[in-house]
Amino acid sequence: MSDEDDLEDSEPDQDDSEKEEDEKETEEGEDYRKEGEEFPEEWLPTPLTEDMMKEGLSLLCKTGNGLAHAYVKLEVKERDLTDIYLLRSYIHLRYVDISENHLTDLSPLNYLTHLLWLKADGNRLRSAQLNELPYLQIASFAYNQITDTEGISHPRLETLNLKGNSIHTVTGLDPEKLISLHTVELRGNQLESTLGINLPKLKNLYLEVKDAGLQT
């Protein structure tokens, strides 16, 4: 049995519930960073630990080869985390919520090639760039300090939330790679143009137009 078959067989109900939860939070406008709020210049280093992992792990499922089981869901919200290096070892994770921390680097997530759902709201990220994750369907980076849309190239990505960042222009959203992306949330940015948003499956685009001269 392939990893892809196993993912498709074992995840649909959980994935639908996660989608509904994500959409509900977007509709309710849950703000992790209020307008005008500034982050402190420095935070005490707080790495993700094994104890935190034990507390945050749930949802026991078969691994890709079907011969073993592993916890595939992780929630470590509001832990003041500055480092998630430990996640490199948890390659079976499919659902990850690391929101409301102090993270500036998401590169350990590049090792989670089975990731389906990611929520990294309310951190200190300046980029949403990750390696191509083949199964990622929902990604939320709301209320960070992201300045561009480069490095988002996940072929199964359906919903992308970049609300409340510092994006001026949309670049790098390749329509030949983002063939499944149908919902993009960009409210609360400083968009000067909608140029660069040319996606074949796009159905829902949320923008907050503050400038009457916005180019389209």
Side-chain angles (χ1 to χ4, degrees), residues 11-12 14-37 94-100 103 106 109-110 112 115-216:
E11 304 310 329
Q14 182 68 21
D15 192 29
D16 288 345
S17 67
E18 297 292 359
K19 287 183 180 179
E20 290 174 4
E21 179 182 337
D22 188 74
E23 290 170 0
K24 180 180 178 182
E25 288 182 358
T26 300
E27 291 170 0
E28 292 175 349
E30 181 180 1
D31 291 347
Y32 294 104
R33 187 186 69 192
K34 297 177 182 176
E35 185 174 354
E37 181 180 345
R94 300 173 191 174
Y95 309 95
V96 172
D97 187 347
I98 48 176
S99 44
E100 299 176 78
L103 298 172
L106 296 183
L109 297 178
N110 291 328
L112 309 186
L115 195 63
L116 297 170
W117 185 92
L118 171 64
K119 190 170 185 179
D121 298 355
N123 281 284
R124 302 182 67 193
L125 302 173
R126 295 190 178 276
S127 173
Q129 183 167 356
L130 289 167
N131 292 349
E132 184 177 304
L133 296 171
Y135 300 112
L136 186 63
Q137 297 174 19
I138 296 176
S140 184
F141 305 96
Y143 304 105
N144 278 280
Q145 302 172 12
I146 294 170
T147 58
D148 61 59
T149 54
E150 295 287 341
I152 302 172
S153 58
H154 317 295
R156 296 194 184 186
L157 188 64
E158 297 177 356
T159 300
L160 174 64
N161 187 351
L162 290 165
K163 182 178 182 179
N165 281 285
S166 303
I167 299 168
H168 290 270
T169 58
V170 177
T171 58
L173 297 185
D174 189 341
E176 295 185 1
K177 292 184 177 180
L178 295 169
I179 56 176
S180 303
L181 187 56
H182 60 66
T183 299
V184 178
E185 168 67 84
L186 284 165
R187 284 176 290 192
N189 283 281
Q190 292 131 31
L191 285 179
E192 300 168 353
S193 170
T194 58
L195 297 176
I197 306 175
N198 179 25
L199 301 164
K201 295 289 183 68
L202 189 63
K203 295 179 180 178
N204 306 303
L205 175 61
Y206 300 100
L207 297 172
E208 185 177 283
V209 181
K210 296 182 178 180
D211 183 356
L214 185 74
Q215 299 179 11
T216 59

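Counting begins at 1 with the first residue of the sequence.
For E132 (side chain) and P134 (main-chain N/O), no donor-acceptor pair under 3.5 Å exists by modelled atom type. A donor-acceptor distance shorter than 3.5 angstrom exists from the side chain of D148 to the backbone of E150, with no hydrogens or angles considered. Put simply, the side chain of N189 gets close to the backbone of L162: a donor and an acceptor are under 3.5 Å apart. Here the side chain of D121 pairs a donor or acceptor atom with the backbone of A142 at under 3.5 angstrom. D174 contributes a side-chain N or O that, together with a main-chain N or O of E176, makes up a donor-acceptor pair within less than 3.5 Å.
With a 4.5 Å cut-off on side-chain heavy atoms, N161 and Y206 do not count as touching. Between L133 and L112 the shortest side-chain heavy-atom distance does not fall below 4.5 Å. The closest side-chain heavy-atom distance from I98 to L109 is below 4.5 Å.
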- Message: Apply side-chain hydrogen bond (donor to acceptor under 3.5 Å, both in side chains) to residues T183 and N204 and explain how you reach the verdict.
- Response: CA-CA 5 Å; T183 299; N204 306 303; 3.0 Å; yes
- Task: Evaluate the side-chain contact (heavy atoms from CB on, under 4.5 Å) criterion for residues L205 and L186: first the C-alpha distance (whole Å), next the side-chain angles of each, then the deciding distance (0.1 Å), finally the verdict.
- Result: CA-CA 8 Å; L205 175 61; L186 284 165; 4.3 Å; yes
- Task: Kindly determine whether F141 and N123 satisfy side-chain contact (heavy atoms from CB on, under 4.5 Å), including the steps that lead there.
- Result: CA-CA 8 Å; F141 305 96; N123 281 284; over 6 Å; no
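Among all heavy-atom pairs drawn from L202 and H182, the shortest one is CD1-O, 3.6 Å. P155 and S180 get closest at one heavy-atom pair: O-OG, 3.1 Å. Counting all heavy atoms, side chain and backbone alike, T159 lies closest to L181 at N-CD1, 3.8 Å. In terms of heavy-atom proximity, Y143 sits nearest to N165 at N-ND2, 3.9 Å. The minimum heavy-atom distance between K177 and S153, with the atom names listed, is CD-CB, 3.8 Å. Of all heavy-atom pairs between R126 and Q145, the closest is NH2-OE1, 3.2 Å.
Between the CD1 atom in I197 and the CG atom in L173 there is a gap of 7.5 Å [rounded to 0.5 Å]. If you take CG on L115 and CD on Q137, they are separated by 10.0 Å, rounding to the nearest 0.5 Å. One finds the CD1 atom of I167 at 7.0 Å from the CG atom of L191 (value rounded to the nearest 0.5 Å). I152 CD1 to Q129 CD: the interatomic distance, rounded to the nearest 0.5 Å, is 9.0 Å. Note that CG of L130 is 5.0 Å distant from NE2 of H154, once rounded to the nearest 0.5 Å.
Checked for salt-bridge contact, E158 and R156 miss the test: no charged N lies under 4.0 Å from a carboxylate O.
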